[in-house]
There are 2 protein chains.
Amino acid sequence: MAPIREMLAETGITEQQWRVLRVLSEFGVLDAKTLADRASLLFPSLTRIVATLRDKGLVTQTRDQKDRRRQFIEITDAGQKIIDDRADEAAQIVAEFKATLGAERYETLLDLLADLDPGARA
Amino acid sequence: MAPIREMLAETGITEQQWRVLRVLSEFGVLDAKTLADRASLLFPSLTRIVATLRDKGLVTQTRDQKDRRRQFIEITDAGQKIIDDRADEAAQIVAEFKATLGAERYETLLDLLADLDPGARA
DNA sequence: TCGCAACAATTAACATGTTAACGAAATACT
DNA sequence: AGTATTTCGTTAACATGTTAATTGTTGCGA
């Protein structure tokens, strides 16, 4: 993950913050529960990360009016721009990583890790 | 690592503290530099962990009289006892982990991870 | 309706990873 | 000797993982 962190250093956001933004970018508006699940984060971590992203203007929080315990989180244009600007670069880093192992061994690794963590989504 | 953490919960020490104790148990007295390296810890982390272990009476710190910048860390009897008491249990947890994947896939995983982290030892 | 269990989210407390700044001691070099 | 550099270790500051305690809401059953 080091190369990813280096890439993100310029943007001032962390790996996990980036992951949250990516999930929001992919799935759109999400309630906190679903977001935590998709980003593989525990709730207390998510609370802090979303607070940080909100302060940076990269996401918005909205209370569910039908159930005021819940909230929805949505990515802002500024947040989306960060994802867009780095998407290609991130893809290339993953590609290089893959090349280091070789495509076949890369797939093997993903399979092994998936078997070890039933919670992950391949 | 979850099963390991559960095992350690009873002892009141953490995974990393346990790793430091294990390294000290295996190699004997070590200077901080070597200890950090063998335990795969960054120096600031090691400083805190050793301080914690010292407060718990599980290790001792000794200044090098020839080079007073350096220090040696040694496990105490109390620390050694913790390792001894849990060694079998830990070995069994690893064995179960191995069984989950199967011996062959387990070796494959170690190989792949080793290729990804040149710093690791096997 | 009252009270209580269940749920969503936050907060607290502690340990660690991580980068940077700093302090002290030893070396090197002039 | 005197200063600059290097090295060892600590401390600071921030983000996160993790468990437990806490707050605010909802829903349910007596």
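In what follows, chains are A, B, ... by sequence order, proteins preceding strands, each numbered from 1.
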- Query: When rounded to the nearest 0.5 angstrom, what distance separates CD1 in B/Ile82 from NZ in B/Lys56?
  - Reply: 8.0 Å
- Query: When you list every nucleotide of DNA chain D with an atom under 4.0 Å from a heavy atom of chain B, which one comes first 5' to 3', and which comes last?
  - Reply: D/dT7 to D/dT18
- Quick one: A/Leu35 CG to C/dA8 C1', roughly how many Å, whole number? 14 Å
- Measure from CG on A/Asp37 to C1' on C/dA9 and round the result to the nearest Å. 16 Å
- Between atom CZ in A/Arg48 and atom C1' in C/dT11, what is the gap in whole Å? 10 Å
- Query: In terms of heavy-atom contacts, does CG of A/Asp77 have more than 12 from other residues, nucleotides or ligands at under 6.0 Å?
  - Reply: no
- Scan A/Gln17 against the nucleic acid and name what it touches under 4.0 Å (heavy atoms): base, sugar-phosphate only, or nothing. sugar-phosphate
- Message: Assuming nearest nucleotide by heavy-atom distance, tell me which of B/Ser45 and B/Lys33 is located more 5' along DNA chain D.
- Response: B/Lys33
- In terms of hydrophobic clustering (I, L, V, M, F, W, Y; side-chain heavy atoms under 4.5 Å; direct or indirect links), are B/Leu21 and B/Phe72 co-clustered? no
- Message: Tell me whether the count of non-hydrogen atoms from other residues, nucleotides or ligands lying under 6.0 Å of CD in B/Glu104 goes above 12.
- Response: no
- Query: CD of B/Gln71 versus P of C/dA26: gap in Å, rounded?
  - Reply: 14 Å
- So, are A/Arg69 and A/Asp67 salt-bridged, with charged N and O less than 4.0 Å apart? yes
- Message: Tell me the closest heavy-atom pair linking B/Gly57 and B/Thr76, and the distance in Å.
- Response: O-OG1, 2.8 Å
- Does one hydrophobic cluster hold both B/Val23 and B/Val29, with members joined at side-chain heavy-atom distances below 4.5 Å? no
- Query: With hydrophobic residues grouped by side-chain heavy-atom distances under 4.5 Å, do B/Phe27 and B/Trp18 end up in a single group?
  - Reply: yes
- CG on A/Asp31 to CD1 on A/Ile73, rounded to 0.5 Å: 7.5 Å
- Query: For the helix from C/dT1-D/dA30 to C/dC22-D/dG9, how many degrees between its two end axes (five pairs per end), to the nearest 10°?
  - Reply: 20°
- Query: Does A/Lys56 or A/Arg68 map to a spot on DNA chain D nearer the 5' end, using the closest nucleotide for each?
  - Reply: A/Lys56
- Message: Heavy atoms only, 4.0 Å cut-off, all strands: where does A/Leu46 land among base, sugar-phosphate and nothing?
- Response: nothing
- Message: If the cut-off is 4.0 Å, is A/Gln61 near the phosphate of C/dA9, judged by side-chain N/O to OP1 or OP2?
- Response: no
- Rounded off to whole Å, could you give me the CZ-to-C1' distance for the B/Arg70 and C/dT27 pair? 13 Å
- Between atom CG in A/Asp55 and atom P in C/dT10, what is the gap in whole Å? 12 Å
